Amino acid sequence: MDGLTTESRNQVLRTSIFNMRHTIESAQPLTFYGDYDQGSNRLRYATANNLIIVTFYGTTSKGRLLISARDVLKARADVSRRFRLDDDIKSIYDEIRTDRIIASAISKYRGMRVTLNDPWETTLCFIISQFNNIKRIRLITRNILERFGITIYDNNGMPIAKALPTSRVLAEAAVKDLMGCGAGFRAKYIKEAADYCTNNLDLYAIGGLDYDNLKGELMKIKGVGDKVADCIALMGYGKLEAFPIDVWIKRTLERHYFKNRKKSIKELHRFAEKRWGRYAGFAQQYLYHYGRNLGR
DNA sequence: ACCCAGGCGGGCG
DNA sequence: CGCCCGCATGGG
């Protein structure tokens, strides 16, 4: 089925309070390079050595994830980890539902999860995201996937999917070829970050750092500033207290919490930390999409 | 044609 | 520190 061999097996994961569509459409790294079919509620994405197909069926309050893959046991663990199905999302909602604004955001996007992605892939995706729009972020990411991605083969040796390239691959890429993927002025950031993360910083060895120190390490990467570092901390390392502040969340906070007065990034960080604390990242995801989609 | 996008680095006061 | 500027590119 779908490029997998007859040796493929299925696994079922139960979950509660989950909305695949909201999660996928919330533009987290997984969605930048995975295929999602809204009709069948099916996501198709590749990891370093596997093609994984996840289909969600059920209701937002309760449902099941059907998983198909070559190595289905690995895939099951991967899906559970990536969608953070162990999060007690009801308790999280209770903790961040501090006012009617975020209450309506939660109500509107109920079941949207904060995903956990590979640290390097998250770094790459959010370097691409700077001063860019979601459509083009996806375009550039897909181009890099096609041009530099690691091909995944089925058991008969047929290519079935591609996974994002490692930092080592992009460290050796030509800036001109990254430009060819549409990366624009970010091409040199991508190459430098790839080189740095291959030769100077092991992204897979710093997950144990606390949030502040982790963010500090990430900001040493060229092309990674305050906002991108928070995105990586949140979606690449699961630091739920990270609160990425972009133009949208800034507008939303100023509008709904500060009577349209301009606030500095620093002030907004303090506000979010004080108000939403250890789950500020969840609050950010909900407010971000709520603010963006007002009027739509 | 013009404007904007999940910002950042660098230079300046 | 805070402020200001340029930056590749495609879609509205």
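Quick note on labels: first sequence line is chain A, next is B, and so on, each numbered from 1. Everything numeric here is computed off the predicted structure, so don't read it as measured data.
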For A:Y211, the rest of its hydrophobic cluster, which grows through side-chain links under 4.5 angstrom: none

Side chains of A:Y189 and A:Q130, donor plus acceptor under 3.5 Å: no

Crowding at CD, A:E273 (>12 non-hydrogen neighbours, <6.0 Å): no

Other ILVMFWY residues reachable from A:L66 by side-chain steps of under 4.5 Å: A:V12, A:Y57

Under 3.5 Å: donor-acceptor pair, side chain of A:D154, backbone of A:N156: yes

Watson-Crick and G-U pairing of DNA chain B, under 3.5 Å, as dot-bracket with | and [ ]: .||||.|||||||

Any A:R186 side-chain nitrogen or oxygen under 4.0 Å from OP1 or OP2 of B:dG6: no

Give me the distances for all protein-to-nucleotides 10-12 of chain C N/O pairs that come in under 3.5 Å?
none

Atom pair distance, as rounded to whole Å: CD1 in A:I144 and P in C:dT9: 13 Å

Any residue of residues 265-286 of chain A with a heavy atom less than 4.0 Å from an atom of DNA chain C: A:K266

C1' spacing across the pair C:dA8 / B:dC3, given as an integer number of angstrom: 15 Å

Nearest-angstrom distance, P atom, C:dC3 to B:dG6: 24 Å

Qualifying salt bridge (Lys or Arg N to Asp or Glu O under 4.0 Å) pairs, either residue in residues 22-41 of chain A, two or more places apart: A:R21-A:E25, A:D35-A:R142

Nucleotide B:dG7, atom C1' - distance to CD1 of A:I137 in whole Å: 11 Å

Flag if over 12 foreign heavy atoms under 6.0 Å of CZ, A:R255: no

Exam field: side chain A:Q285 to backbone A:R113, donor-acceptor pair closer than 3.5 Å: no

Over 12 foreign heavy atoms within 6.0 Å of CZ, A:R81: yes

Residue pairs involving residues 181-198 of chain A (criterion salt bridge (Lys or Arg N to Asp or Glu O under 4.0 Å); sequence neighbours excluded): A:E192-A:K222

Touch class at under 4.0 angstrom, heavy-atom based, for A:S26 against every strand present: base

Same apolar cluster: A:L203 and A:L116, side chain cutoff 4.5 Å: no

C1' gap between B:dA5 and C:dG6, integer Å: 16 Å

Whole angstrom value for the distance that separates C1' of C:dA8 from CG of A:D177: 16 Å

Heavy-atom protein contacts under 4.0 Å, nucleotides 8-13 of chain B, coded B base, S sugar-phosphate only, - none: SSS---

Where at least one partner belongs to residues 223-240 of chain A, residue pairs that pass salt bridge (Lys or Arg N to Asp or Glu O under 4.0 Å), sequence neighbours excluded: A:K215-A:D226, A:K215-A:D230

Spacing of A:E25 atom CD relative to B:dG6 atom P, expressed in whole Å: 15 Å

Distance, C1' atom - from B:dA1 to C:dG10, rounded to whole angstrom: 15 Å

Any donor-acceptor N or O pair under 3.5 Å, side chains A:Y288, A:Y109: no

A:T98 versus A:R275, side-chain donor and acceptor atoms under 3.5 Å: yes

B:dG6 pyrimidine/purine six-ring stacking with A:Y288, under 5.5 Å and 30°: yes

B:dG7 OP1/OP2 closer than 4.0 Å to side-chain N/O of A:K250: no

Length of the CZ-C1' vector between A:R292 and B:dC4, whole Å: 12 Å

Between C:dT9 (C1') and A:R138 (CZ): distance, integer Å: 18 Å

Please list every donor-acceptor pair under 3.5 Å in which a side-chain atom of residues 173-183 of chain A meets a protein atom from a residue at least two apart or in another chain.
residue	atom	partner	partner atom	Å
A:D177	OD2	A:R147	NH2	3.2

Strand-adjacent residues in residues 113-124 of chain A, judged by heavy atoms under 4.0 Å from DNA chain C: none

Hphob cluster co-occupancy, A:L287 + A:L268, side-chain heavy atoms under 4.5 angstrom: yes

Listed partners of A:F271 passing ring-ring contact (aromatic ring centres under 6.0 Å, His included), at least two apart: A:Y257, A:F258, A:W276

d(CZ, A:F131; P, B:dC4) in whole Å: 10 Å

